[in-house]
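For ligands, and for the atoms within them, numbers begin at 1 and follow the listed sequence.
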Amino acid sequence: MVTDFDIVILGGGLNGAALACALANGPHAVAVVEPHPPAAPTEAWDSRIYAYSPGNVGWMKALGGWDESVRAQAVFQMRIHGDAGGRLSFDALDAGLPELAWIAENGRLQASLWRAFQASVNVTTIAARAEAVTWNPDGHHRLHLAGGDSLRARLLVAADGAQSWLRGQAGIGIRSEDYRHVGVVANFETEKPHRGTAFQWFRPDGVLAWLPLPGKHISMVWSTPPEHAAELQALDGDQLARKVAAAGGHGLGPLRRITPAAGFPLVRRRADEWVRPGLVLLGDAAHTVHPLAGQGVNLGFRDSRLLAEMLASGGDPGEIGRLAGYAARRMEDVASMQFTTGGLKKLFARRDGLTQFMRNAGMSLAGGFDPINQALTRHAVL
Ligand SMILES: Cc1cc2nc3c(=O)[nH]c(=O)nc-3n(C[C@H](O)[C@H](O)[C@H](O)COP(=O)(O)OP(=O)(O)OC[C@H]3O[C@@H](n4cnc5c(N)ncnc54)[C@H](O)[C@@H]3O)c2cc1C
């Protein structure tokens, strides 16, 4: 059976789901194809915890996609430490903002976004894996699903993640650079309250971040070379807790690990093309960045925000002129984030004494100079 839609979103992860919410009240008939719909959340903590910018949280709340089931912690301060005394601090109060970011679990947010778009008559969800595509020059592409059904769409959206199957089917190349870092993540209970503070340490062995979670809990992301990541992942719960507490100067007292450690190889990617007639790539399918600035999914949300805004006026959603305009407007945000995160990672990977002195002095200087400090803060909250 062939079913026609205006827009078919392949992948219902955070980016595909957020786009579906943003299109739910628009003029188009939308389908979301996802073989693994989110499970109902339990009390257990998800290991995938991200920082979300206030701009994106406000957008999702307005769409009804961020409800009270999302266990979220506001970040009021960020304390960043260099590897030789350099310091940077960001404070919501100083910048005249209610908060700098929100921290929340992937699973609960995804389930909340799904509830919101499933309440709309404009959005159909299809629990299936896509297996083939028939490309048409006029853009009415056809997606063949496991099980034999197919969908015809005026716009196909690749929101199927960093290894994007649809990007591969389109033969779109990708430029990638292995950061030679693995992001080791785990959640911990703390002895002392974190008071909404996020901590980050640029260390000789990588970048360690503690993100505050509701109650006396934190999420750790330790981005570190693969050999060290393997050592961290081989530790038992108590050993890892002691190691992570010591690496953070025991600032929140002893830690207790509450989720097993998991590791994610970190790779910068940028697809060679983001749009073609009747096709758009967004989120991790189009670009990935180092997580040290907590911006990966935030870039994807900004993709969805702009795309939904540009499609809201109706007409053919697959028309290349409008899609090319979208891609051009998103390029700068993504390029500058890839440049900044890649540059910082490289700067702190260098071991020579002069570079170490300069980077730490630079941090303290920028941190002590209000206009720079406030400009950095304002960019991060978009
Ligand atoms: C260690 C680490 C820490 C991070 N921290 C942050 C942070 O603090 N802040 C931040 O903004 N970002 C962070 N990120 C980045 C963030 O995790 C990603 O940007 C985000 O999860 C990508 O979402 P997505 O929806 O694009 O892709 P995904 O979450 O990968 O979703 C893709 C979906 O597509 C589906 N799919 C795949 N193939 C098919 C197919 N053939 N047919 C149908 N469906 C298919 C999959 O089932 C999946 O549900 C971090 C990443 C890492 C690794």
From the options Val33, Val32, Ile103, Asp160, select the one whose nearest heavy atom is closest to atom 37 (C) of ligand 1.
Asp160
Assess the side chains of Glu34 and Thr125: does a donor N or O sit below 3.5 Å from an acceptor N or O?
no
Return the residue, atom name and 0.1 Å-rounded distance of the protein heavy atom closest to atom 13 (C) of ligand 1.
Tyr50 CD2, 3.7 Å
Using only heavy-atom distances, determine whether the side chains of Ser69 and Arg115 contain a donor-acceptor pair under 3.5 Å.
yes
Which one of Gly161, Ser219, Ser223 has a non-hydrogen atom at the shortest distance from atom 30 (O) of ligand 1?
Gly161
Working to the nearest 0.5 Å, report the span between CH2 of Trp222 and CH2 of Trp201.
10.0 Å
Identify which of Gly13, Gly12, Ala51 has a heavy atom lying nearest to atom 31 (O) of ligand 1.
Gly13
Below 4.0 angstrom from a heavy atom of Asn298, which ligand 1 atoms are there? Numbered from 1 as shown, please.
11 (O)
Against heavy atoms of His36, which atoms of ligand 1 measure under 4.0 Å?
47 (O)
Quick one: nearest non-hydrogen protein atom to atom 42 (N) of ligand 1, plus distance?
Ala130 N, 3.2 Å
Consider every N or O of Ala285 and every N or O of ligand 1, then say whether any pair is closer than 3.5 Å.
no
Are any of the N or O atoms of Glu34 closer than 3.5 Å to those of ligand 1?
yes
For Arg305 and Asn56, does a side-chain donor sit closer than 3.5 Å to a side-chain acceptor?
yes
Side chains of His287 and Asp303 only: does a donor on one sit below 3.5 Å from an acceptor on the other?
yes
What atoms of ligand 1 come within less than 4.0 Å of a heavy atom belonging to Gln295?
9 (N), 10 (C), 11 (O)
Taking every non-hydrogen atom, the tightest pair across Ala72 and Trp102:
CB-CE3, 3.8 Å
Quick one: salt bridge (Lys or Arg N to Asp or Glu O under 4.0 Å) partners of Arg256, sequence neighbours excluded?
Glu189
Give the atom numbers and elements of ligand 1 that come within less than 4.0 Å of a heavy atom of Ala159.
32 (C), 33 (C), 34 (O)
May I ask you to identify the nearest protein heavy atom to atom 12 (N) of ligand 1, giving residue, atom name and distance to one decimal place in Å?
Val297 N, 3.0 Å
Report, in ascending order of atom number, the atoms of ligand 1 lying under 4.0 Å from any heavy atom of Phe264.
1 (C), 53 (C)
Selected option - heavy-atom contact closest to atom 40 (C) of ligand 1, from Gln110, Arg129, Gln169
Arg129
Assess the side chains of His144 and Thr134: does a donor N or O sit below 3.5 Å from an acceptor N or O?
yes
Answer with yes or no whether the side chains of Gln77 and Arg79 bring together a donor and an acceptor at under 3.5 Å.
yes
Just go through Pro291, Pro35, Gly296 and tell me whose heavy atom is the nearest to atom 2 (C) of ligand 1.
Pro291
With respect to Ile49, determine whether any N or O atom, backbone or side chain, lies less than 3.5 Å from an N or O atom of ligand 1.
no
Listed partners of Arg322 passing salt bridge (Lys or Arg N to Asp or Glu O under 4.0 Å), at least two apart:
none
Regarding ligand 1, does Asp284 bring an N or O atom to under 3.5 Å of one of the ligand's N or O atoms?
yes
Taking every non-hydrogen atom, the tightest pair across Ala271 and Ile172
CB-CG2, 4.2 Å
Among non-hydrogen protein atoms, atom 24 (P) of ligand 1 lies closest to Asn15 ND2, 3.3 Å
Looking only at non-hydrogen atoms, which of Val185, Leu10, Leu19, Val184 approaches atom 1 (C) of ligand 1 most closely?
Val185
When you check the gap from the basic side-chain N to the acidic O, do Lys243 and Glu231 get nearer than 4.0 Å?
no
